Amino acid sequence: MTEIIAAEPQDENKIIAERRAKLAALRETGVAFPNDFERKHFAGDLHAQYAEASKEMLEAEQVNVQFAGRMMLKRVMGKASFATLQDMSGRLQIYVSNDHVGEENHQAFKHWDLGDIVAASGVLFRTKTNELTVQVHSVRLLSKSLRPLPEKFHGLTDQEQKYRQRYVDLMTNDDARKVFMTRSKIIQTIRQFMMGHDFLEVETPMMHPIPGGAAAKPFVTHHNALDMDMFLRIAPELYLKRLVVGGFEKVFEINRNFRNEGLSTRHNPEFTMMEFYEAYRDYRYLMDFTESLLRETARVATGGEQVSYNGEIIDLGKPFDRLTIVQAVRKYNPEYSEAQLSDRDWLISWFESNKGKYRATDGLGGLQLSFFEETTETKLIQPTFIIDYPAEVSPLARRSDSHPEITERFELFMVGRELANGFSELNDPEDQAERFMEQVRQKEAGDEEAMHYDADYIRALEYGLPPTGGCGIGIDRLVMLLTDSASIRDVILFPQMRAE
RNA sequence: GGGUCGGUAGCUCAGUCGGUAGAGCAGCGGACUUUUAAUCCGUUUGUCGCGGGUUCGAAUCCCGCCCGACCCA
């Protein structure tokens, strides 16, 4: 064993000092952090397996168990004690008495602290109040906890501390644990759904020489050996379409994107997206597919197709509404006429008098989209596809054959938020090259979020991309919806925070 | 970036009119062999977010800053 060198203690207090003294005493008597305990049972499994077992049955069977967990509650009496241990699956009570472990061991146990990791071996029984409990024959302290747990009844409530010290949130707050277990279930369900439809799961670069695939500001880093700046990806789109060119005709990726933007209850600088692409499909098929994917995910992860969010019932079971931008504005704001919405001058004067955000250089389509964002987006509570986005804001989407100024694109909205974005892919390399050039012109004109010209992507398209549909789904926002969470920080284990 | 609310013991919180701070939990000591947030008795613990200012005196009033939550852009 190497010498123990204690680091400079941080925010030390009397309670921590007491516990350090207990740990020092443990070191004197032997191995302070033993790792020779064999865990054979989980609390949750035992509760499930012996839910029906009566007092008498347990007494007759003499079920031996070995389990371990964090001590969350402790009730010490003179010659016997109860404690509650918590493992990954749940909680189970143990009963420690002079009769079964000896007075010396029980005496030691009395000085163990809430938060300590404890191993217990013994026999299952039921108490007077019928609670399944382990009558302990051997009890060991496996890991001394030096820091006191939050107050045992209220748990940790300080939002900042919940985010900064998620490990404390998870050990004391059942709801927090459930959210992240549901998140795992959601991602598992999506993956199985995609596999079930013969999609190939792939991993494309997180570090890009040219940031592409979305309109966003990237994070910059530097590769020393190559002496080149690199960008954390803002989207995997251009790489996934290269794979479709290569012949992987159905691909998907579930992974992180990074966008150098502000923080909010809906934005974290790194967030998880599922993007998928399928050759020989268009945006109408993608809407059907996305709809059934989300329906299935809700059903498996939450047990139903109707989910409660912020006091409202969101129905993923019935067909999602599909509206053009103008149709959606008129459905939710009937006071605006078709004629007004097709009138550039009227729209601009509306933005001016309502201090709405718009870009003066935009055409009618772009202005209509800005108007939609100002007046309608937050009213789209039930799942709604908005379709036919203007080409000027959709540089990677295929134009409509009948209306080349719009694209075959949709965005899916729920609870007033964008959840997904998909389109028939632009596979005409010459049109794509021209659209990149237009993006470059906008970047030169000062639009920081405009795209770069990606010459290799054009080269890939020149080999021939089959007609393809592709879609991205914001996983964090989906988890928020399905776990009724108000903030994206509640569904990300370690959300971005300012430095302490 | 703007607005609202908040930051007091390890945790959850109270703190009146400006008079140098309290409760519960946790901890420590004691009683208790079926407890359930165990109970009962005793007891320890503070950079009142930070820095200025007003005042004989500031957790409290004023100004600035930091951190967080929520809302808005």
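Both backbone and side-chain heavy atoms feed into the values below; hydrogens, waters and symmetry mates do not. The shown structure was predicted, so the numbers you read here are calculated from the model rather than taken from an experiment. By convention in this document, chain letters (A, B, ...) are assigned in the order of the sequence lines, proteins followed by strands, and residues within each chain are numbered from 1.
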* Asked: Should the ring pair A:His106 and A:Phe109 be called parallel, tilted or perpendicular, given that the plane angle runs from 0 to 90° and is split at 30 and 60?
  -> parallel
* Asked: When Watson-Crick pairs (N1 to N3 and N6-O4 or O6-N4) and G-U wobble pairs (N1-O2 and O6-N3) count only below 3.5 Å on both distances, what is the dot-bracket string of RNA chain B, with | for other-strand pairs?
  -> (((((((..((((.....[..)))).(((((.......))))).....(((((..]....)))))))))))).
* Mark yes or no for a side-chain to base donor-acceptor pair under 3.5 Å between A:Asn98 and B:rU33, with no hydrogen or angle criteria applied. => no
* Donor-acceptor pair under 3.5 Å: do we get one between A:Glu131's side chain and the base of B:rU34? -> no
Counting heavy atoms from C-beta on, name the nucleotide in [options] closest to the side chain of [X].
X        : options                : value
A:Ile15  : B:rG10, B:rU35, B:rC28 : B:rG10
A:Lys152 : B:rG27, B:rA38, B:rU35 : B:rA38
A:Pro148 : B:rC11, B:rA26, B:rU33 : B:rA26

* Mind running a 4.0 Å heavy-atom check of residues 71-81 of chain A against RNA chain B and sending the residues that fall below it, in number order? => A:Leu73, A:Lys74, A:Arg75, A:Val76, A:Met77, A:Gly78, A:Lys79, A:Ala80
* Does a side-chain N or O from A:Thr157 land closer than 4.0 Å to OP1 or OP2 of B:rU12, or not? -> yes
* Contact under 4.0 Å: A:Arg19 side-chain N or O vs B:rG27 OP1/OP2 -> no
* Euclidean distance for P, B:rC72 against B:rA26 (whole angstrom) -> 41 Å
* Strictly under 6.0 Å, is that where the ring centroids of A:Phe125 and A:Tyr50 end up? -> no
* Check: A:Tyr336 ring centre within less than 6.0 Å of A:Trp346 ring centre -> yes
* Which residue lies more 5' along RNA chain B, comparing A:Trp112 with A:Phe153 via nearest heavy atoms -> A:Trp112
* Asked: Does NZ or CZ of A:Arg409 fall inside the cone over A:Tyr389's six-membered ring, less than 6.0 Å from its centre and within 45° of the axis?
  -> yes
